Amino acid sequence: MTRNGNALRLLSYALAAADHASLRQAARELRIRESSLSRNVVKLEQLLEMQLFDRDVRGVRLTEAGRAWVDAVRDHYERLLDAVTECARNEDAKTLRIGLCAVRGGEFLRQLLARFSALHPRVRFTLEDVPAGQCLAAVRQRRLDIGFSHGPCPAVSCKSEILWRERLFVLLPSGHPLAGRKAVAWPDLAGDRLLVPIGLEGSPLDVLLLENIGQKGGPTIEICRANQATINFKVQLGQGVALAVESYARNVGVDSATWKPVEGQSSVIPICGVWLESNPNRAVLRLAGIARNMTAAQVGTKPSAS
């Protein structure tokens, strides 16, 4: 927009009026009110300080100066319109770069991306793991269009929103007294050691979540400089128990160990999306909107306004 309005729109109105020699017919073609078209043509004349049309009961016709002006600008207008149209045509033919910060994927994310692809088939997306300490920077620098991470993510200058939630599962050695249970609560694990991996990418679990677990009379938290695979092996050896989200537990079987869902408070963690609202790739907003609608459908509520 300029201080004088949308120049391309004003041009389209004037050219339509010139082509039809009638404000009424031009307005009908543009699907706007005749009064709106008339006001905008006058606005353009005021901007140019030139009378483009003579008006009478039969319609409008270009003045001599108006005809010369239209002849001079029409070719430029059509080229500009072609350029804008091509940009609009290619708007969806972009790549959406998605970062996963210790998020394992899962059924919700699979359905989200499948639905997005069905609605926007011309947008391809890439997935990459991103360390916890680098996710926000990657989004701000537009190396990533959106990042997903566990827990609320306060992000200055970025849009941060909880888009879905996942249930927690605990990995128990097969000989553990709770191995036969359908589900366990944090107090059931009092006396156990909860092995938390801190690898090169940081902890896959939210720090506040771990603090809450400790305050609820649950297991003792033991930080391990290891990845999730090594933690799983430690559990097999009977050195403690481990924690993961449902999407990981459902897809990763561990010999001599069993996954059990956690019940009660602090048994579900949020997955947060972070993106720049100023990102020119509008596919980001479409993906977030689909996620909101999917979550709202699951819990039977109306989606929040985007």
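Quick caveat: nothing in here was measured; it's all calculated off a predicted structure. All residue numbers refer to positions in the sequence shown, counting from 1.
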For the atom pair CD1 (Ile98) and CG (Leu112), what is the distance rounded to the nearest 0.5 Å? 7.5 Å
Would you confirm whether Asp188, through its side chain, and Ala185, through its main-chain N or O, come within 3.5 Å as a donor-acceptor pair? yes
Does any part of the side chain of Leu113, heavy atoms only, come nearer than 4.5 Å to the side chain of Leu127, both counted from C-beta? yes
For Phe233, what are the other residues in its hydrophobic cluster, where any two members join if their side-chain heavy atoms are less than 4.5 angstrom apart? Leu237
Take Arg292 and Glu161 through the test salt bridge (Lys or Arg N to Asp or Glu O under 4.0 Å) and record every step on the way to the result. CA-CA 10 Å; Arg292 291 191 200 101; Glu161 185 175 336; 2.5 Å; yes
Are Gln228 and Asn232 close enough that a side-chain donor and a side-chain acceptor fall under 3.5 Å? yes
Using atom types as modelled and distance alone, determine if a side-chain donor or acceptor of Trp186 lies under 3.5 Å from a backbone N or O of Gln265. yes
Scan for ring-ring contact (aromatic ring centres under 6.0 Å, His included) pairs involving residues 245-269, sequence neighbours excluded, and state none if there are none. Tyr248-Trp259
Search all heavy atoms of Ser174 against all heavy atoms of Ala257 and return the closest pair with its distance. OG-N, 3.1 Å
From CD (Glu222) to CG (Asp192), nearest 0.5 Å: 11.5 Å
Partners of Phe116 by ring pair (Phe, Tyr, Trp, His ring centres under 6.0 Å), sequence neighbours excluded? His120
Here the gap from Thr63 atom OG1 to Arg55 atom CZ, rounded to the nearest 0.5 Å, amounts to 9.5 Å
Judged by atom type as modelled, is there a donor-acceptor pair below 3.5 Å linking the side chain of Ser12 to the main-chain atoms of Arg9? yes
Show the numbers, then the answer: is there a salt bridge (Lys or Arg N to Asp or Glu O under 4.0 Å) between Glu64 and Arg67? CA-CA 5 Å; Glu64 185 175 347; Arg67 183 174 293 104; over 6 Å; no
Atom pair CG/NZ of Leu172 and Lys260 - distance to nearest 0.5 Å: 7.5 Å
Before you tell me yes or no, could you show the steps for Ile146 and Val139 under side chain to side chain contact (heavy atoms under 4.5 Å, CB included), namely the whole-Å CA-CA distance, both residues' side-chain angles and the distance that decides it to 0.1 Å? CA-CA 6 Å; Ile146 187 170; Val139 170; over 6 Å; no
Quick check: closest heavy atoms across Asp255 and Gln236, and the distance to 0.1 Å? O-NE2, 2.6 Å
Short side-chain donor-acceptor distance under 3.5 Å, Thr126 and Arg97: no
Steps toward side chain to side chain contact (heavy atoms under 4.5 Å, CB included) verdict (Lys234, Ile231): CA-CA 5 Å; Lys234 284 176 172 284; Ile231 294 299; 4.2 Å; yes
Going through the checks in order, is the side chain to side chain contact (heavy atoms under 4.5 Å, CB included) test met by Phe53 and Leu62? CA-CA 4 Å; Phe53 297 95; Leu62 287 168; 3.5 Å; yes
For Gln25, check side-chain contact (heavy atoms from CB on, under 4.5 Å) against everything at least two apart and list the hits. His20, Ser22, Arg28
Contact summary for Thr295 and Leu163, nearest pair of heavy atoms: OG1-O, 2.5 Å
Go through it in stages, so that I can follow the logic: the residues are Thr220 and Arg193, the test is side-chain hydrogen bond (donor to acceptor under 3.5 Å, both in side chains), and I'd like the CA-CA distance, side-chain angles, deciding distance and then a yes or no. CA-CA 5 Å; Thr220 301; Arg193 289 186 299 170; over 6 Å; no
Could you tell me which non-hydrogen atom of Ala179 sits nearest to which non-hydrogen atom of Pro173, and how far apart they are? CB-O, 3.9 Å
Here the gap from Leu15 atom CG to Arg74 atom CZ, rounded to the nearest 0.5 Å, amounts to 5.0 Å
Can you find a heavy atom in the side chain of Val235 that is under 4.5 Å from one in the side chain of Val254? no
Under 3.5 Å donor-acceptor, Ser36 side chain and Arg33 backbone: no
Glu246 side chain to Glu166 main-chain N or O, any donor-acceptor pair under 3.5 Å? no
With clusters defined by side-chain heavy atoms of hydrophobic residues (ILVMFWY) lying less than 4.5 Å apart, directly or transitively, does Val42 cluster with Leu37? no
Taking every non-hydrogen atom, the tightest pair across Val123 and Ala283: CG1-CB, 4.2 Å
Do Leu171 and Leu243 touch side chain to side chain, with heavy atoms closer than 4.5 Å? no
Tell me every residue that passes ring pair (Phe, Tyr, Trp, His ring centres under 6.0 Å) with Phe148, counting only those two or more places apart in sequence or in another chain. Trp164
Residue pair Ser160 / Val274: nearest heavy atoms and the distance that separates them: OG-CG2, 4.2 Å
What's the spacing between Arg115 CZ and Gln111 CD if we round to 0.5 Å? 7.0 Å
Quick one, Leu48 and Trp69 - any side-chain contact, counting heavy atoms below 4.5 Å? yes
Side chain to side chain contact (heavy atoms under 4.5 Å, CB included) assessment of Leu100 paired with Val130: CA-CA 6 Å; Leu100 303 180; Val130 56; 5.8 Å; no
With sequence neighbours excluded, what pairs up with Ser117 under the side-chain contact (heavy atoms from CB on, under 4.5 Å) test? Phe125
